[in-house]
Amino acid sequence: MDTTFTEQFRELIKGEKSGVLRELRERAFAAFTATGFPTPKLEDWKYTNTAQLANSGFQILDLKSFDIGDDEELLARFGTQRNGFTALNLAFADIKVIRIARETSLDEPIDLSIAAGEGTAIFPHFLVVAEAGSKATIVETYDSAAGSFTDTAIQIVVEDNARLEHYRVQRDSPEAFHYGVTEVSVGPGSSYDSTNIELGGRLSRHDIEVKFTAEGGEAWVDGLYMLNGSQHHDTHSIIDHTVPNCTSHQTYKGVLNDKSRGVFNGKVFVRENAHGTDAQQSNKNLLLSSDARVDTKPQLEIFNDDVKCSHGATVGQLEDEELFYLLTRGLPEALARNLLTYGFAEEIINKIGIDGIKFDLDQAVLNRLSVAIDR
Amino acid sequence: MLLEVKNLHAGIEGKEILKGLNLQVNRGEVHAIMGPNGSGKSTLSKVLAGHPSYEVISGEVLFEDKNLLELEPDERAREGIFMAFQYPVEVPGVSNSQFLRLVYNQKAVHHGREELDPLEFNDYLKEKAKIVEMDPQFFKRSVNEGFSGGEKKRNEILQMAVLEPKLAVLDETDSGLDIDALRIVAEGVNKLRSDDNAIILVTHYQRLLNFIVPDVVHVLANGRIVKEGGKELALELEEKGYDWVKGAAR
């Protein structure tokens, strides 16, 4: 596959000073060359066609080298083979390591703000290690421009009894391409609480995989995608209970207007020895237009009897009785509909623990709905 | 006259429920509409509020001499009709104070009055909340979400207090209330009674009428008003039961 990426890779790899990294990049790029971007022929990409992206050209500004040191092992665990996007990410990865020291509790959230300029492609790659007994919050925000391509990855390890809150907010231009992957391993007695908000992108996809690696872990994997115009968003989530006595909670909500298209695919695996698992999953979608569409597929695969699991998905419109109630209070129909939609989305926004982000997102949702209410 | 219902025939899903109902309500009056289950009480409330599932077959409803039936539900509300729901709907994610200021200002703008800013509205709301003895804690909570039955009904009356309707229709407001909640709700309604407004109490039981004393009691059976009288009619009904009037409807 000879693409603009090939030429730019050949040029940029010359500047890679680290031998280890050069090899990882070369291998990753070879993997990308072999597969290219995923196509709808693949089951996991059935509803998401990347042709538009594959046919666009992007400029890659530079290749930043990185002193890999002790992080080689973690980087080597990255799912390069997951798809063409992850392979391409590693080939060009701009790697940053965030280590939250043992037994420390950070008062301020760690701010990862990313934006690609018009016509460019960026490949951020974060390695986050929340060491034993630590407590921190990460805020990952994307504000990329029209015609850009963001291909991003974050690998997270939550060590023994650590607590990590993670917000991912994708607010790219509605004319941007976005792929993001989140890989998390949740250690003994630790907790990982993530909220993923998808508002931007012409074509966007988020893959999130959370794996419990020891007993007593707990994870929240929640999200909201809110689309209009002809936006397309796809979330694929995997929550993997490989060990006993872990708890996972998942609530994803979708609000789809105009001709937008959403995909939610949520797999929860409960492996053979994972007794005492408690896994709850739900995906609720609100279609605001007859041209909007969502494909939702919650999947529970359970290989152990001693578990507590539930899952469900709904796709619906606003409730007539709720609408009538608001009309009888004198709200014009459009406003009443928007207010109910806001209420639907708020369940996810409300759980955000940082006032600044909550306020911004609230405002973003309200603006999209043209509702003016007091905050 | 504030409200005049003339020979109203209405129903739902092709079934006629109101079969020639007549009703006249003046400002300053409280009317009770009583009747057994299935007599059409709820249909009357829904038709007055403009519920889209209910169909008017024939007849007229005039509100301040204007044809009410051609107005959308939200237009009716802004013109001064309020319905307290038997089962108030929960609106998650929207706080009571956000919601109440929004509806207040919609109506204010419609009538060419100034909107209230959040601070002004907060003072206004605090005063109104006293009418139903509602703790300001409830302002921050999502509309009706997780409220007990009694709290929901109090919240309905709070909305009525904020909107100051010309005509309030209270649909089975007493249902599911214990005696304390009933007292608070009823006292709230009594405080809101004035010479400028009118209230229609739709109820199955006489109990509410001990607390909110009506000027006129109408008994509805089989889609028509079959008996009218003063407050003592409600007591008579309580004693004799609805079978006493059902005969008259046939």
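Computed from a predicted model, the values in this text were never measured in an experiment. We name chains A, B, ... by the order of the sequence lines, and we start the count at 1 in each one. Note: hydrogens, waters and symmetry copies are ignored here, and every other heavy atom, side chains too, is used.
- In this structure, chain A has heavy atoms under 4.5 Å from both the backbone and the side chain of B:Pro88.
- Environment of CG in A:Asp107: sparse, with no more than 12 heavy atoms of neighbouring residues, nucleotides or ligands closer than 6.0 Å.
- Within 6.0 Å of the CG atom in B:Asp195, the count of heavy atoms belonging to other residues, nucleotides or ligands does not exceed 12.
- Taking every heavy atom of both residues into account, B:Asp74 and A:Glu333 meet most closely at OD2-N, 4.2 Å.
- Other residues, nucleotides and ligands place no more than 12 heavy atoms under 6.0 Å from the NZ atom of B:Lys126.
- Side-chain contact check for A:Leu339 versus B:Val94: some heavy-atom pair is nearer than 4.5 Å.
- To the nearest 0.5 Å, atom CG of residue A:Leu331 and atom CG of residue B:Asn105 are 11.0 Å apart.
- The neighbour count for B:Lys166 NZ, taken as heavy atoms of other residues, nucleotides or ligands under 6.0 Å away, is above 12.
- Counting only heavy atoms from C-beta outward, the side chains of B:Phe82 and A:Arg329 approach each other to under 4.5 Å.
- In this structure, no portion of A:Glu319 lies under 4.5 Å from any heavy atom of chain B.
- Between the CG atom of A:Leu327 and the NE2 atom of B:His51 there is a distance of 10.0 Å, given to the nearest 0.5 Å.
- Residues A:Tyr342 and B:Val91 have side chains not in contact (no heavy-atom distance under 4.5 Å, counting atoms from C-beta outward).
- No more than 12 heavy atoms of other residues, nucleotides or ligands shown are found within 6.0 angstrom of CZ on A:Arg163.
- Across B:Ala77 and A:Thr328, no two heavy atoms sit closer than the pair CB-O, 3.3 Å.
- Contact annotation for B:Asn122: neither backbone nor side-chain heavy atoms come within less than 4.5 Å of a heavy atom of chain A.
- The local environment of NZ in A:Lys284 is sparse, with at most 12 non-hydrogen atoms from other residues, nucleotides or ligands closer than 6.0 Å.
- In this structure, chain B has a heavy atom under 4.5 Å from the side chain of A:Leu340, while its backbone stays farther away.
- With a 4.5 Å cut-off on non-hydrogen atoms, A:Glu347 does not touch chain B at all.
- Ring pair B:Phe85/A:Phe324 is tilted by interplanar angle, where 30° to 60° counts as tilted.
- Within a 6.0 Å radius of NZ in A:Lys308, no more than 12 heavy atoms belonging to other residues, nucleotides or ligands are found.
- Remark: A:Glu321 CD to B:Ser53 OG distance equals 6.5 Å, nearest 0.5 Å.
- Side-chain contact between A:Pro332 and B:Gln106: present, with at least one pair of heavy atoms (C-beta onward) separated by less than 4.5 Å.
- Taking a 6.0 Å sphere around CG of A:Asp320, one finds it holds 12 or fewer heavy atoms contributed by other residues, nucleotides or ligands.
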